[in-house]
Amino acid sequence: GVANSNVRALNRAGKAVLFAALAAATLLQCWRMQPLVRSVQADNQLYFFVAERVASGVPPHISLVDHKHQLPGLLSGAAIAAGRRLGADDVIAARVLSIAVAVVIVIGLFALAHALTGDLFAAMLTALAFLSFRTVFLEAATGFRPQLFMMGFAVLGHLAFARGRPFAAGALAACAFLCWQPAGLIGLDTAPPYGVVWSNPSLGTNSLYAIAFDASSQSATSPVVRV
């Protein structure tokens, strides 16, 4: 019994060391992307605006002009609000959160691979392979990116499922969905003449298509139109 307890303690200590090493490697990758001086450009300006408005007390349904990513704006807004209490810059505060999410993703992938294979080498190889993807850490250092938050919740959801925790897996999957929805239903019409009104369209270029169903549930899809 004592020997087994010592082995378990050693295993826990070994995993803690591995997790710390993976966290350090992730932080190093993010630091190489210069998070303290990187500018906020393109879509990130929109994401920052939404998060800043949330931190300033503006309800998300008013400031959120692109409804594909509700949850990241709330999370980044909370980080900005916390940073303001500590005297931190808004952008830096949100980037700290994004970098923390990147750390969670790397460690989560390690844990997921280990849970699925039971092989420590395979788990480490998975984490190291992910650490080679420069774009992920560029997005983390830039901050605000909804896809990064989606990835974090998705990895944790898969890990929960692999460990036999379906309720937690479902909740995390729902959070991932709230982070990024690449497609959405504009409207539904069940009577002729068929048509819908598109209210509050997303900014930028959108790809639209229609799906028609008959009484026997057979369907046909229209060509995609970009507007």
Side-chain angles (χ1 to χ4, degrees), residues 4-33 35 43-44 47 51 68-79 82 93-184:
N4 288 337
S5 297
N6 289 338
V7 170
R8 286 195 294 270
L10 182 61
N11 287 338
R12 287 194 295 269
K15 284 185 178 179
V17 171
L18 286 174
F19 288 169
L22 290 173
T26 304
L27 293 174
L28 177 61
Q29 286 288 73
C30 293
W31 183 256
R32 292 174 58 195
M33 305 303 163
D43 289 348
N44 294 314
Y47 305 144
K68 295 194 296 292
H69 47 82
Q70 298 95 328
L71 186 55
L74 292 173
L75 296 175
S76 295
R95 286 176 175 172
V96 168
L97 174 63
S98 293
I99 291 171
V101 171
V103 172
V104 170
I105 292 171
V106 173
I107 294 177
L109 284 172
F110 172 88
L112 175 60
H114 189 259
L116 293 174
T117 66
D119 189 329
L120 195 61
F121 177 77
M124 182 58 70
L125 188 62
T126 299
L128 291 176
F130 188 80
L131 282 166
S132 68
F133 296 138
R134 178 180 181 275
T135 302
V136 175
F137 305 102
L138 176 63
E139 300 291 5
T142 302
F144 309 104
R145 299 296 294 187
Q147 296 91 333
L148 185 74
F149 290 93
M150 178 190 69
M151 190 182 304
F153 283 115
V155 168
L156 293 178
H158 281 83
L159 178 59
F161 187 79
R163 292 181 172 177
R165 299 173 182 173
F167 180 82
L172 290 164
C175 290
F177 177 78
L178 290 174
C179 288
W180 183 253
Q181 302 161 33

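Every value quoted in this text rests on a predicted model; they were computed, and no experiment measured them. Just so you know, these numbers use all the heavy atoms, side chains as well, and skip hydrogens, waters and symmetry mates.
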*Asks:* Please round to the nearest 0.5 Å and tell me the distance separating atom NZ of Lys15 and atom CG of Leu22.
*Replies:* 12.5 Å
*Asks:* Identify every side-chain donor-acceptor pair in residues 155-178 under 3.5 Å, counting partners at least two apart or on other chains, and give the distances.
*Replies:*
from, atom 1, to, atom 2, distance (Å)
His158, ND1, Ala154, O, 2.8

*Asks:* Got a second to check how far Phe137's CZ is from Ser132's OG, nearest 0.5 Å?
*Replies:* 8.0 Å
*Asks:* Show every donor-acceptor pair shorter than 3.5 Å between a side-chain atom in residues 142-153 and any protein atom, with sequence neighbours excluded, or say none if there are none.
*Replies:*
from, atom 1, to, atom 2, distance (Å)
Thr142, OG1, Leu138, O, 2.8
Arg145, NE, Glu139, OE1, 3.1
Arg145, NH1, Asn44, OD1, 3.3

*Asks:* So, for Ala23 and Ile107, which heavy atoms are closest and what is the spacing to 0.1 Å?
*Replies:* CB-CD1, 4.3 Å
*Asks:* Please report the shortest heavy-atom distance between Ser76 and Ala51, naming the atom on each side.
*Replies:* CB-CB, 3.6 Å
*Asks:* Taking only residues two or more places apart in sequence or in another chain, which ones pass side chain to side chain donor-acceptor pair (under 3.5 Å) with Arg95?
*Replies:* none
*Asks:* Under the criterion side chain to side chain contact (heavy atoms under 4.5 Å, CB included), which of Leu131, Thr135, Val136 is the partner of Phe133?
*Replies:* Val136
*Asks:* Under 3.5 Å, sequence neighbours excluded: what are the donor-acceptor pairs made by side chains of residues 109-120?
*Replies:*
from, atom 1, to, atom 2, distance (Å)
Thr117, OG1, Ala113, O, 2.7
Thr117, OG1, Asp119, N, 3.1
Asp119, OD1, Phe121, N, 2.8
Asp119, OD1, Ala122, N, 3.3

